[in-house]
Amino acid sequence: MENNMTKAKGTLIILGIIDISLVIMHYSDYYFLFLKPTGYIIPLIINVIVIAVLAFRSKFSKIGSIIGLFLFAGFILIYSLTIWMMDYHYTKIDSPYDQQSLVIEYRYFALGEITYSYHFYETKLGIIGKQLKDQSISMVIRGSSGADVEEVLGIGTEEWVTDHVVRFFTWEGEQDVYLSSSQTSAEPEDITESMETFINQMEEKDIGQSITTNGNQLTIRYDQASG
């Protein structure tokens, strides 16, 4: 009997350590990437199963254990429906520098207009990722029904400007994502190079090209009527 109690305490301690670790990671913007598609459904189910087994083997009221089990099951069902309704999808692009990768979480939803939402996670091993929280991209585009969500961001045509900067050629112009959390803006030489490229595009009347500088987005527009 005493041996069983010791095993139960040990199991609860291990379960508690795992749960606390997940909570700390969540509030530090770190995530197990393999859990992202289903949220925390798998850890919740593991918790319910372990606690239910321990409860049924203990002296606790069986009726109370069954009620608790149904309450937990209802919570998991509601949480699962929420995850399903969010309908997030994931893709990964690898750095040509073989140092790290960028995992992209994306979805779209329609409320009169189509809103495309993208979140980014920096990862080195593909197991744990850190969310680049201030660099999410959201685009509201009219008349884009049926458009491929990856195409709107420009996934597949992205450019690794440096080993820490990925440039996407989105439907709303160029957008840079910085994988290094300490690097929130481009270096001066990168800005100069981008400005020179943008000026050349203006001279060639390359309509639709954009550049963002000091928080302002400049987009090439050409009035054909005025020549």
Side-chain angles (χ1 to χ4, degrees), residues 25-41 79-95 100-123 126 128-162 164-186 190-191 194-195 197-198 201 206-221:
M25 288 178 64
H26 178 84
Y27 284 101
S28 302
D29 297 325
Y30 282 93
Y31 300 88
F32 283 107
L33 295 174
F34 60 85
L35 292 178
K36 287 300 293 179
T38 56
Y40 292 109
I41 292 175
Y79 181 72
S80 302
L81 288 173
T82 303
I83 296 294
W84 177 74
M85 290 176 64
M86 294 295 286
D87 194 28
Y88 275 112
H89 297 273
Y90 298 84
T91 188
K92 185 178 76 168
I93 56 175
D94 297 316
S95 168
Q100 52 198 336
S101 302
L102 186 67
V103 173
I104 306 170
E105 177 185 66
Y106 61 88
R107 67 184 288 246
Y108 77 95
F109 56 92
L111 290 173
E113 299 172 325
I114 308 296
T115 299
Y116 298 88
S117 178
Y118 304 88
H119 305 293
F120 303 95
Y121 300 83
E122 176 183 3
T123 180
I128 297 176
K130 176 174 177 57
Q131 184 176 8
L132 306 176
K133 210 163 188 178
D134 297 330
Q135 301 192 60
S136 297
I137 296 175
S138 181
M139 291 180 278
V140 180
I141 302 176
R142 296 182 179 180
S144 59
S145 179
D148 184 83
V149 186
E150 295 189 5
E151 180 184 346
V152 172
L153 181 64
I155 297 175
T157 61
E158 71 279 347
E159 175 187 355
W160 287 81
V161 181
T162 70
H164 288 291
V165 182
V166 186
R167 179 166 296 160
F168 292 95
F169 302 95
T170 76
W171 282 19
E172 291 188 343
E174 295 180 3
Q175 295 276 2
D176 289 345
V177 174
Y178 301 90
L179 274 70
S180 175
S181 57
S182 62
Q183 183 177 358
T184 57
S185 61
D190 294 332
I191 296 175
S194 297
M195 286 298 297
T197 301
F198 186 70
Q201 291 170 340
D206 194 353
I207 300 172
Q209 295 297 328
S210 299
I211 187 172
T212 301
T213 177
N214 295 329
N216 299 311
Q217 186 180 66
L218 306 176
T219 303
I220 298 174
R221 297 284 186 266

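Positions are given from 1, in the same order as the sequence printed here.
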- prompt: Looking at CD1 of I137 and CD of Q175, how far apart are the two atoms once the value is rounded to the nearest 0.5 Å?
  reply: 4.5 Å
statement: Sorted by chain and residue number, the side-chain hydrogen bond (donor to acceptor under 3.5 Å, both in side chains) partners of S101 (sequence neighbours excluded) come out as D94
- request: Please list, chain by chain and in numerical order, all residues satisfying ring-ring contact (aromatic ring centres under 6.0 Å, His included) with Y121, sequence neighbours excluded.
  value: Y31
query: Under the side-chain contact (heavy atoms from CB on, under 4.5 Å) test, which residues partner Y90, sequence neighbours left out?
result: K36, P37, Y88, V103, E105
Closest non-hydrogen atom pair, T115 against S138: CG2-OG, 3.7 Å
- line: What one should report as the nearest heavy-atom pair of M25 and I128 is CE-CG2, 4.1 Å
message: Return the CD1 to OG1 distance between I141 and T170, rounded to the nearest 0.5 Å.
response: 7.0 Å
- request: Using side-chain contact (heavy atoms from CB on, under 4.5 Å) as the criterion, list what pairs up with S28, not counting sequence neighbours.
  value: I24, Y30
- request: Enter the distance from Q135:CD to L179:CG here, rounded to the nearest 0.5 Å.
  value: 8.0 Å
Contact check, side chains of T91 and I104, non-hydrogen atoms, under 4.5 Å: yes
statement: The side-chain hydrogen bond (donor to acceptor under 3.5 Å, both in side chains) partners of D87 (sequence neighbours excluded) come to H89
message: Could you measure the distance from the OH atom of Y108 to the CG atom of D148? Nearest 0.5 Å is fine.
response: 10.0 Å
task: Look up atom OH in Y118 and atom CZ in F168, then write down how far apart they are to the nearest 0.5 Å.
output: 10.0 Å
- prompt: Can you tell me how far NE2 of H164 sits from CG of L102, rounded to the nearest 0.5 angstrom?
  reply: 12.5 Å
field: Partners meeting side-chain contact (heavy atoms from CB on, under 4.5 Å) with Y79 (sequence neighbours left out)
entry: Y40, I41, L44, I83
- prompt: Who pairs with S136 by side-chain hydrogen bond (donor to acceptor under 3.5 Å, both in side chains), at least two apart in sequence or on another chain?
  reply: H119
Using a 3.5 Å cut-off and no angle test, enumerate the donor-acceptor pairs between side-chain atoms of residues 149-159 and protein atoms at least two apart in sequence or in another chain.
residue: E150; atom: OE2; partner: Y106; partner atom: OH; Å: 2.7
residue: T157; atom: OG1; partner: G154; partner atom: O; Å: 2.9
residue: E158; atom: OE1; partner: G156; partner atom: N; Å: 2.6

